Amino acid sequence: MNGSSQSLKDLIPVSGSFRDPKGQVAKTALGDVFRVITEVGNAEFADVEESGLYAHLIEQGKLIEHHHVPLTDVTNVSNIETLLRHPSLPMVSYPYEWCFQQMKDAALLQLDLYLESLEYGKTLSDATAYNVQFLRGKPIFIDTLSFIPYTPGQFWLGQEQFTEQFLNPLLLTSYSGLPFNDIYRGSMTGVSSEMISAVTPFRRKLSLRYFNYIHLPRQSKKRSLESGAAGVRKVEGKLPKEGFQFILKQLRSWTETLTAPEAPSTWIAYTQTRTYEDQSVSQKVKFVAECVDQARPKQVLDVGCNTGEFSFLALDAGAEHVVGLESDQQALSTAYAQAVEKSAAFLPLHQNITNPTPSQGWANEERDSIGQRVSADFMLALAILHHIVISGNIPLKRAVSYLTNLAPRGVIEWVPKSDPMVQTLLRNREDIFDTYSENMFERILIETGVSVHKKQKLENGRTLYLYER
């Protein structure tokens, strides 16, 4: 919002926030973010704000900050009691795009928010993982209106949601060795306890925590479904505050112990075998650094970021923020660990570029596709094009067009068919890629309206191209 005047008609509702009658998130065309609080949610918001909980969590970096916008500064306003302005996030991610450790850190944050809220006489109305985002390697909570007054004796309203959207994905990977990403993306509401029960090894089911927080709730829900509406009874009794805190602390302790089993990673091994004494590697580093330094991009999209080697290089060269896309779980975890260690403006996400996150949810508008959420002005596609074309069977023209449309400028690495990696990809399969050649690649760039500003042949036979649409 430029200046103090803003018409409500200029605010565009964010598609994923339409379900909450207490308020919605909206943006301007310039990307400024606002929270519109209605009469339904205003009293609760004021109560939580007066308690000091918001200020406490914002100071700790656990809750996104907000600033009040006077209603006199907006026009054509209806059904609004309070208007807040939030800082805009460089990138919105979804839980099925996180690595294991990101999910674990997000789960711990959610539990900590419950525990700290209770100290202020407050709690949360839900436990959806979509309310957590990442900034500089740290999870941060973004739904201001989730905080509500705590009623002594009330049961945990968000327990099932926490289980399906945080705990079960972690258990699926930790206990069964199965990445949760594709399963989570397929349901969007998380991983069911029925699935966890089906795939969890028997010895894991013998723990008291599993019995209390997976088996018993699952059996209770199953009985309710089997008995139908006639058998549904209102839950009687009360949960003392101390009992609620005990549940939260026990779940936090359990979550902290969960780890992802290590699996072989082709790309980590590939990266570790290279050295900066290798002339082609040093050439590549210099070329990319110079291109990023000249462009000074606000956001770089690193497609196939591996462990984040060139993502961090881009940050060092002047990029403000980097989003990395990687399908290898071990490489992604390594990239995230480095982002945490360095508090870097780098967000690595799980993504298969040949099957990117689509628009999903209600009317296919509730969760945006990865392309709708990324606003990169520079793109790195280093040693990825040949995987898209040969491993993914994507025609070269379509692959080049897709990549160059992700950002108006960037660097693409061409890997010739004679390269050992391409030969490995072609092993034990028919070579149907007659058009896979550097001449055809350059021709496609021209045909798709892309100009080549600079290119460099590397010692290993690969070529780097700086393109611009």
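What you see is a predicted model; the values in this text were computed from it and never measured.
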Before we go on, tell me: are the rings of Tyr436 and Trp414 under 6.0 Å apart, centre to centre? yes
Could you tell me whether Lys397 and Glu447 make a salt bridge, using a distance below 4.0 angstrom between a side-chain N and a carboxylate O? yes
Ion pair Glu366/Arg19, N-O distance below 4.0 Å: yes
Would Asn439 and Ser437 count as having a side-chain donor-acceptor pair, cut-off 3.5 Å? no
In terms of side-chain heavy atoms, does Gln372 have a donor or acceptor partner in Ser359 at a distance below 3.5 Å? yes
When you check the side-chain N and O atoms of Gln456 and Tyr465, is any donor under 3.5 Å from an acceptor? no
Hey, are Gln161 and Thr128 close enough side-chain-wise for a donor-acceptor pair under 3.5 Å? no
Does the pair Lys455/Glu442 count as a salt bridge with the N-to-O cut at 4.0 Å? yes
Sidechain N-carboxylate O distance under 4.0 Å for Glu438, Lys457: yes
Charged N-O contact under 4.0 Å between Asp419 and Arg462: yes
Hey, is Arg373 close enough to Glu97 for a salt bridge, meaning N to O under 4.0 Å? yes
Electrostatic pair Asp105:Lys138 at N-O distance under 4.0 angstrom: no
Can a side-chain donor-acceptor contact be found between Glu413 and Thr463 if the only test is distance below 3.5 angstrom? no
In plain terms, say whether Arg35 and Asp143 are close enough for a salt bridge, that is, a side-chain N and a carboxylate O under 4.0 Å apart. yes
